[in-house]
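First the structure, in the form of structure tokens, and then the observations on it.
All values reported here derive from a predicted model rather than from experimental measurement.
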Amino acid sequence: MPVPSGPPRILAIHAHPDDVEFQCAGTLALLKQQGCPITIATMTPGDCGSAEHTADEIAEIRRAEARKSAELLGADYMCLEFRDLSIVVDNPSRGKVVEALRRARPDIVLTAPPVDYMTDHEITSVLVREACFSASVPNYSTRQWDPAPPLGSIPYLYYVDAIEGIDYFGNPLKPDFVIDVTSTFDLKQKMLSCHESQRNWLRKQHGIDEYLEKSERWAAARGREIGAKYGEAFRQHTGHPYPGDNRLGELLRLGELLKKPKTK
């Protein structure tokens, strides 16, 4: 597949505000350093992420937190306005995600993994995968207001880590590669700290009072796999007819930042 001229456009799209920060903000910061225009998108505004606020109230809070985080990176932010625990695979949903891709016009897409601990993540993965294909089909109509034109080609598609890198049964999921994000980890944590509402929610709902510490522990675990302090792991979707050469790897290999995880 021909390499686009100039820095590629990046779309990082995950289910909820803070998912992108947890799983790939360090990599996004490296890409931003190379001049890549970046858009962060969330499927929902995180409207179920509170035990104190109404759905509308917490949605407004979390959109503001997501915008603040994106601004630290110099990225755009958009919310597709699905609702928590209500993302489904159907044609209206597919049309919304295709429209988001056609508006962002990415060359590279980073999204949720196919297997993760909750269905919002997994359905996001399915919809984004389908949208990457459908967005370049001229006769596919999104049935959205003022629709954007189709993409010229299928973008490169990468999946971020599942939470803690495991499947439903606690078995490890092996990534294709790990990116050394040591140099951008402080920014990653600052972006994550913008999501202040989620510390209270996780503490009450899940008994977790270690929002940033959990992020650091997992990044350190992935980093150890490549001999780095901190890392973020990815798998690439290379099935027909998605592009199979590793564009993300080629971009970040310039600084010797990308390595295959060590085999045991």
Starting from the C-alpha separation in whole Å, work towards a yes-or-no answer on salt bridge (charged side-chain N to carboxylate O under 4.0 Å, His left out) for Glu99 and Arg103. CA-CA 6 Å; Glu99 188 64 35; Arg103 291 185 181 278; 3.1 Å; yes

Identify the heavy atoms of [X] and [Y] that sit nearest to each other, and give their distance.
{"X": "Gln189", "Y": "Ser215", "answer": "OE1-OG, 2.8 Å"}
{"X": "Gly26", "Y": "Val181", "answer": "C-CG1, 3.6 Å"}
{"X": "His53", "Y": "Ser50", "answer": "N-OG, 2.9 Å"}
{"X": "Tyr77", "Y": "Ala70", "answer": "CB-CB, 4.0 Å"}
{"X": "Ile179", "Y": "Leu30", "answer": "CG2-CD1, 3.7 Å"}
{"X": "Glu122", "Y": "Pro114", "answer": "CG-O, 3.3 Å"}

Are the side chain of [X] and the backbone of [Y] linked by a donor-acceptor contact shorter than 3.5 Å?
{"X": "Glu225", "Y": "Val178", "answer": "no"}
{"X": "Asp116", "Y": "Met118", "answer": "no"}
{"X": "Arg83", "Y": "Pro45", "answer": "no"}
{"X": "Asp19", "Y": "His14", "answer": "no"}
{"X": "Arg105", "Y": "Pro149", "answer": "yes"}
{"X": "Glu216", "Y": "Glu213", "answer": "no"}

Would a 4.5 Å heavy-atom cut-off, applied to side chains only, mark [X] and [Y] as touching?
{"X": "Pro241", "Y": "Ile154", "result": "yes"}
{"X": "Leu73", "Y": "Met191", "result": "yes"}
{"X": "Thr111", "Y": "Val160", "result": "no"}

Listed once per pair and sorted, the salt bridge (Lys or Arg N to Asp or Glu O under 4.0 Å) pairs that draw on residues 226-242, sequence neighbours left out: Lys188-Glu232

Show every salt bridge (Lys or Arg N to Asp or Glu O under 4.0 Å) that has at least one partner inside residues 148-164, sequence neighbours left out. Asp161-Arg222

For a quick check under 3.5 Å, do [X] and [Y] share a side-chain donor-acceptor pair by atom type?
{"X": "Asp180", "Y": "Thr182", "value": "yes"}
{"X": "Tyr230", "Y": "Ser183", "value": "no"}
{"X": "Ser69", "Y": "Glu21", "value": "yes"}
{"X": "His237", "Y": "Tyr158", "value": "no"}

Under 4.0 Å between a side-chain nitrogen and a carboxylate oxygen: does that hold for Asp47 and Arg62? no

Between [atom1] on residue [X] and [atom2] on residue [Y], distance to nearest 0.5 Å:
{"X": "His16", "Y": "Leu85", "atom1": "NE2", "atom2": "CG", "answer": "6.5 Å"}
{"X": "Leu248", "Y": "Leu157", "atom1": "CG", "atom2": "CG", "answer": "11.0 Å"}
{"X": "Asp107", "Y": "Arg9", "atom1": "CG", "atom2": "CZ", "answer": "8.0 Å"}
{"X": "Ile166", "Y": "Asn171", "atom1": "CD1", "atom2": "CG", "answer": "8.5 Å"}

Parallel, tilted or perpendicular: which one describes the rings of Tyr117 and His121, with boundaries at 30° and 60°?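 Ring orientation, 0 to 90° scale: perpendicular.
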
Surrounding [atom1] of [X] (heavy atoms of other residues, nucleotides or ligands, distance under 6.0 Å), is the total greater than 12?
{"X": "Arg217", "atom1": "CZ", "result": "yes"}
{"X": "Gln33", "atom1": "CD", "result": "yes"}
{"X": "Lys68", "atom1": "NZ", "result": "no"}

Paired with Lys32, the side-chain contact (heavy atoms from CB on, under 4.5 Å) test is passed by just one of Ile10, Thr27, Leu187, Ile38, namely Ile38

Checking Asp245 against Tyr156 for the side-chain hydrogen bond (donor to acceptor under 3.5 Å, both in side chains) test, could you report, in this order, the C-alpha distance in whole Å, the side-chain angles of both residues, the deciding distance, and whether it holds? CA-CA 9 Å; Asp245 56 307; Tyr156 292 81; 3.0 Å; yes

Return a table of donor-acceptor pairs under 3.5 angstrom between the side chains of residues 126-138 and protein atoms on other chains or two or more places apart.
residue	atom	partner	partner atom	Å
Glu130	OE1	Arg94	NE	2.8
Glu130	OE1	Arg94	NH2	2.9
Ser134	OG	Glu130	O	3.0
Ser136	OG	Phe133	O	3.1

